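Please read all numbers here as calculations on a predicted model, not as lab measurements. Quick note: residue numbers are just sequence positions, from 1. When a ligand or atom number is given, it counts from 1 through the structure's own listing order. These numbers come from the heavy atoms of this one structure, side chains and all, not from hydrogens, waters or symmetry mates.
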Amino acid sequence: MVWIIYLPLILILSYVWFTGGSSNKQLKTEWYEVKESMIPAGDVDKISFITNENKGYVKLKKESQEKYKNRFGGETPKSAPQFYFVVPASFEAEKEFSEARETLPEDKKFKYEFEESVNYWSNILSWVWPILMLILLFYLMSRLSRGVSNMGSGGGGGIFNVGKSQAKVFDKNSKVKVTFKDVAGLEEAKVEIMEIVDFLKSPAKYTSLGGKIPKGALLIGPPGTGKTLLAKAVAGEANVPFFSMSGSDFVEMFVGVGASRVRDLFKQAKEKAPCIVFIDEIDAVGRARGKNVGFSSNDERENTLNQLLTEMDGFGTNSGVIILAATNRADILDKALMRAGRFDRQITIDLPELKDREQIFKVHLKKLKLDPDLDIDFLSKQTPGFSGADIANVCNEAALIAARHNKKSVDKQDFLDAIDRIVGGLERKSKIIPPSEKRTIAFHEAGHATVSWFLPNANPLLKVTIIPRGKALGAAWYVPEERQIMTKEQMMDEMASLIGGRVAEEIINNKISSGALNDLERLTKMAYAMVAYYGMSDKVGNISYYNFQEDGYNLTKPFSEKTAELVDAETKALIDKAHQMAKDVLESHMEGFKELANLLLEKEVIFAEDLERIYGPRVKLEQDERTDKEND
Ligand code: ADP
Ligand code: ZN
């Protein structure tokens, strides 16, 4: 492709170069030389004057050529014209030539003519150039817009391939081999997906009974929970080709490209059936249609989505192409995608629970050189809310930290440091905080810790630090309990612990600071949710206004001004109540609270054991055993 453009260019340039160099072989002379010696001697046959270059070419008479053989420092050329001269623009050629001619006798007269030079090459270049530039520009543009990944799409890049899908293909020959063994946990998802593998391996078993195999499965779950990994494992287990593409790969700045890429992808897939097509981040194309009117880029996306729907309907159920797609935003997907016959299986993947985390740790710890005393159970307990990707990250980070300390193996402390770092950002020991501020921070954090210690429904505390980390100046770390629903009591205790920092500042300093911004933000959200979403306020009642703003055009609220006022008032009442709860706790444990803050100032990090020493063991409510999960 590049050569098609450059080859003619190089030819043209080199031609100009060489011919330009060889046509300049006349010897230079001067006008007075011609006028005063050559013309009077009758040696000049003709002068051709190039008017636009102010240049005259002198042709000698045949019989005079010998005479000038070695004139003006060079061999006189045999072919005419032999000499040239250059004159200033003010030179009046017509006048000068005729004057010089008039004085001569008839046999010595010379001829003269006027010409204009035309440079053919520069003429051609002047219109070839823009065309070449245009081609080059278009080529670069299509090159940029399609990225560099054209693996497996039939190779080749450039303008002729924009409409081709850029799916990566992994088949038997490729080295990527992921199996279910590499995917820890996710038991339910695996069972569902195992069926797909089974179908690809022995389709007859299902079709002989008249059953239809689902065309597609949608994997829904937060980022980093292993959706891509699972899809790859399916391909690895079933031993079929695996087309992988991201939803955003379809979307391009050229109109119509997305749809044509979808077509191409399915064409390729059908040729290689049985196979699996995996579309990551499908929300990039699958977002619900028709919600934002008036943007042309959306039309393009809609066309792409329509094409996708058509293709999914288009091929027979038993053609052996199975589509897997992943998203973390199932709520914004177009309903048509989820209709039976398209993605009729939806597999939800949640953040891993304790047992799953242990499994995931085991997978990723295999690669590390571990301290033999390391307790995997302990690690999984320390990482609630972590996704599979986070855990992989922790393991890697721990290894790096151990290496930095020149250790022979990775131990518990390295993992704890890695977890802290991933949750809170980098420790910034060098940040200088004035002592008075440090004291405020210590009391603030001690406030959080104390309040949560005495409220039985709050999350259990892990540790408190006043070492700045990331953006935070200090932090109280909790072990969030893995619960699916929260009771009103739990939420109230949580809110009281949140405001505990600010209350502590009020009591100790008698003034408040901006350090509680983050706490207050979360507090407000929580209180508002309790009133407006969860129906936890008696006055507002069991009403939920959750997500009423979903489709952006809704300008009318589903509640009256009066209700809005009531919601505001109730939200504030809840926050005031939490404030009072925190204040009561702190005031009744003043001694311990101050001791804790001073200990914190001294040690910078304190753990749950320190609190237990000061306050005695924490009152803990019996956890009610919940067997059935609620989906709400
Ligand atoms: P998603 O597609 O859900 O965003 P990925 O599948 O890309 O997440 O996961 C990213 C990485 O996290 C994987 O490459 C893997 O190292 C790790 N990971 C996630 N979940 C698991 C799991 N269940 N078992 C093992 N590793 C996992
Ligand atoms: Zn705080």
Side-chain angles (χ1 to χ4, degrees), residues 176 178-190 193 218-236 244-247 278-283 324-330 347-353 355-367 380 383 386-397 422 424 440-452 461 464-466 468 471-478 494-506 512-523 582 600:
V176 192
V178 182
T179 62
F180 281 148
K181 259 198 239 110
D182 302 304
V183 188
L186 307 180
E187 292 308 328
E188 298 87 348
K190 272 192 205 162
I193 232 154
L218 185 61
L219 303 166
I220 305 169
T225 42
K227 300 183 290 293
T228 315
L229 198 66
L230 194 62
K232 273 194 193 146
V234 175
S244 166
M245 202 158 168
S246 167
F278 176 61
I279 306 175
D280 209 352
E281 321 283 352
I282 196 174
D283 39 297
L324 297 178
T327 178
N328 45 25
R329 307 272 333 254
I347 303 173
T348 311
I349 296 179
D350 280 325
L351 286 175
E353 294 179 7
K355 248 188 23 237
D356 298 330
R357 287 202 301 273
E358 203 173 318
Q359 304 287 329
I360 299 174
F361 262 116
K362 276 183 187 150
V363 168
H364 291 283
L365 289 179
K366 254 189 239 150
K367 296 165 218 151
S380 6
T383 48
F386 277 43
S387 70
D390 290 333
I391 291 177
N393 200 0
V394 166
C395 295
N396 188 49
E397 198 66 45
I422 280 162
T440 306
I441 297 167
F443 274 102
H444 179 107
E445 298 304 337
H448 284 306
T450 308
V451 174
S452 67
L461 188 87
V464 192
T465 85
I466 52 168
K471 268 190 179 162
L473 296 174
W477 300 60
Y478 298 96
E494 203 79 344
M495 279 164 55
S497 334
L498 268 177
I499 206 171
R502 151 87 29 130
V503 175
E505 288 182 51
E506 273 170 20
I512 52 182
S513 76
S514 63
L517 171 66
N518 196 294
D519 300 337
L520 295 184
E521 196 187 330
R522 282 170 57 199
L523 179 71
L600 194 53

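- With respect to atom 10 (C) of ligand 1, the closest heavy atom belonging to the protein is Ala389 CB, 4.0 Å.
- Residue contacts with ligand 1: Gly224 is placed with a nitrogen or oxygen under 3.5 Å of a nitrogen or oxygen of the ligand (distance criterion only).
- Atoms OG1 and CD, on Thr440 and Glu445 in that order, are 11.5 Å from each other to the nearest 0.5 Å.
- In this structure, the protein non-hydrogen atom closest to atom 24 (N) of ligand 1 is Ala184 N, 3.0 Å.
- For ligand 1, the polar-atom distance check against Thr228 finds a nitrogen or oxygen pair separated by under 3.5 Å.
- At a threshold of 4.5 Å between non-hydrogen side-chain atoms, the residues Ile347 and Ile193 count as touching.
- Polar contact with ligand 1: absent for Ile360 (N/O pair, distance under 3.5 Å).
- Residue Asp356 places every heavy atom at 4.0 Å or more from ligand 1.
- Which parts of ligand 1 touch Gly388 is read off a 4.0 Å heavy-atom cut-off, strictly below it: atoms 12 (O), 17 (C), 18 (N), 19 (C), 20 (N).
- Ligand 1 has an N or O atom lying under 3.5 Å from an N or O atom of Gly226, backbone or side chain.
- Under the 3.5 Å distance criterion, the side-chain polar atoms of Glu397 are left unmatched by any main-chain donor or acceptor of Ile422.
- Side-chain contact between Leu523 and Arg502: absent, with no pair of heavy atoms (C-beta onward) separated by less than 4.5 Å.
- Judged by the shortest distance from any of its heavy atoms, His364 lies inside the 4.0 Å radius around the atoms of ligand 1.
- Here the closest heavy-atom approach between residue Ile220 and residue Lys227 is recorded as C-CD, 4.2 Å.
- One distance of note links CG of Leu219 with CG of Leu230; it measures 6.0 Å at 0.5 Å rounding.
- Protein heavy atom closest to atom 27 (C) of ligand 1, with residue, atom name and distance, is Leu229 CD2, 3.6 Å.
- In terms of N/O distances under 3.5 Å, ligand 1 is not approached by Pro223.
- One distance of note links NZ of Lys366 with SG of Cys395; it measures 12.0 Å at 0.5 Å rounding.
- Contact annotation for Asp182 and ligand 1: only backbone heavy atoms (N, CA, C, O) come within less than 4.0 Å of the ligand.
- When all heavy atoms of Leu461 and Ala449 are compared, the pair lying nearest together is CD2-CB, 4.0 Å.
- Closest N/O/S atom of Asp519 to the Zn ion (ligand 2): OD2.
- Taken to the nearest 0.5 Å, the CG atom of Asn393 stands 9.0 Å off from the CZ atom of Phe386.
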